[in-house]
Number of protein chains: 2
Amino acid sequence: MSTPIKYSSQREAILRFLKTRKDHPTADVVFQHIREDIPNISLATVYRNLNQLAAAGTILRLTTNGKTDHFDACVEPHFHFCCRSCNAVKDIDMEPFPELTKRATEASNYKIEDVTVLFSGLCDECLTEK
Amino acid sequence: MSTPIKYSSQREAILRFLKTRKDHPTADVVFQHIREDIPNISLATVYRNLNQLAAAGTILRLTTNGKTDHFDACVEPHFHFCCRSCNAVKDIDMEPFPELTKRATEASNYKIEDVTVLFSGLCDECLTEK
DNA sequence: CTCGATAACGATAATTATTACTATTATCAT
DNA sequence: ATGATAATAGTAATAATTATCGTTATCGAG
């Protein structure tokens, strides 16, 4: 049914780069870094592949308060924090909360497939610089 | 310090409309409805006032999987659900989870000010239509 | 190993949501 | 009433993302 996926070195580079980063870069940040290795890569290619990888569940798309999406190569369920000052997206290392999905399933007649928890406030760096 | 806020009938109409709706409309939906009462209202005015009301904490901005923000006149802490098929945003009526913010505060060195929980999956309507 | 179908590409145009700008109007304290 | 300025309508500009399109790369079948 679905069209077969062919290998591309660009996609491999994008995924490899994402895996080296803990800070959930945006499409443009990915683009800026990848072009150091592949100078003539197109921004559209970056978007196309990030979308495809996210659709396949290989990476995670993080929609935050900020206007642009961030991407995360870690697909294990975990929590994120978005700083309202610098818009950085960071991980919060705490145990998952299966209770949440369970109670939402009981409380609604929807098919709950996923839950995203996004904390916001001020990150460590923005806190110290007064 | 901050500039004083002056009354405007447009803003009042926007807020009044939002309060009649349980379904968290987007800026454009607000615009389309308000212009039935105020035919020459500008879309920019709708955006300006929604932003101002959200900044003041009078209404809530909901950033979802979909590309456009939704707005909610109910600022009491509660949970939302976004349908991956029709992109509708709906409430989920369940008890708040103070535990979440508490544990995030313990697990990080950030100043946690807020948390948004967004469930996703298929809504009741999309479930029934096959 | 060719070959052929087509997924993916680079480059760029188009689209979409949102914000900025500007001259005018409305609010409101004095 | 009047003056300072917040808010407006209308529109131009911006920013992020997606669509288009001619070309290139992948890869299974012969």
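Chain letters run A, B, ... following the sequence lines, proteins first and then strands; every chain starts at 1. FYI, side chains are in, hydrogens and waters are out, and symmetry mates aren't considered; it's all heavy atoms of this structure.
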- Query: Considering only D/dC27, D/dG10, D/dA4, which nucleotide approaches the side chain of A/Y7 most closely?
  - Reply: D/dC27
- Query: Is atom CD of A/E76 surrounded by more than 12 heavy atoms (other residues, nucleotides or ligands) closer than 6.0 Å?
  - Reply: no
- Task: Would you indicate whether the side-chain heavy atoms of B/T116 and B/T63 approach each other to under 4.5 Å?
- Result: no
- Item | Residues within residues 8-33 of chain B bordering DNA chain C, heavy-atom distance below 4.0 Å | none
- Query: Do A/F71 and A/V30 have side-chain heavy atoms sitting under 4.5 Å apart?
  - Reply: no
- Message: Report for the helix from C/dC1-D/dG30 to C/dT30-D/dA1: angle between first-end and last-end helix axes, five pairs each, rounded to 10 degrees.
- Response: 40°
- Check the side chains of B/H78 and B/D72 for a donor-acceptor pair under 3.5 angstrom, ignoring hydrogens and angles. yes
- Under 4.5 Å between any side-chain heavy atoms of A/P77 and A/F97, yes or no? no
- Inter- and intrachain pairs under salt bridge (Lys or Arg N to Asp or Glu O under 4.0 Å), touching residues 56-68 of chain B, at least two apart: B/R61-B/D69
- Using atom CG of B/L50 as one end and atom C1' of D/dT8 as the other, report the distance to the nearest whole Å. 15 Å
- Item | Polar side-chain atom of B/S108 near backbone of B/A104 as donor-acceptor pair, under 3.5 Å | yes
- May I ask you to verify if any side-chain N or O of B/R48 is less than 4.0 angstrom from the OP1 or OP2 atom of D/dT8? yes
- Give a yes or no on whether the backbone of B/I41 and the side-chain of B/T45 come within a donor-acceptor separation of less than 3.5 Å. no
- Using the heavy-atom set of chain A and a strict 4.0 Å cut-off, write down the first and last nucleotide of DNA chain C that makes it in, 5' to 3'. C/dA5 to C/dT12
- Query: Of the options B/T58, B/L60, B/L53, B/L50, which is the one that meets B/L18 in a side chain to side chain contact (heavy atoms under 4.5 Å, CB included)?
  - Reply: B/L50
- Message: Assess whether a salt bridge exists between A/D124 and A/K90, defined as any Lys/Arg side-chain N lying under 4.0 Å from an Asp/Glu carboxylate O.
- Response: yes
- Ignoring backbone atoms, establish whether B/Q52 has a side-chain N or O less than 4.0 Å from OP1 or OP2 of D/dA6. no
- Task: Please determine, by modelled atom types, if B/D91 and B/H80 share a side-chain donor-acceptor pair under 3.5 angstrom.
- Result: yes
- Hey, is CD on B/E95 packed in by over 12 heavy atoms from elsewhere, all under 6.0 Å? no
- When you measure from every atom of DNA chain C, which of residues 59-68 of chain B have a heavy atom less than 4.0 Å away? B/T68
- What integer distance in Å separates A/I41:CD1 from D/dA25:C1'? 14 Å
- Query: Which residue, A/P39 or B/K6, contacts DNA chain C at a nucleotide closer to its 5' end, judged by nearest heavy atom?
  - Reply: A/P39
- The ring-ring contact (aromatic ring centres under 6.0 Å, His included) partners of B/Y47 (sequence neighbours excluded) come to none
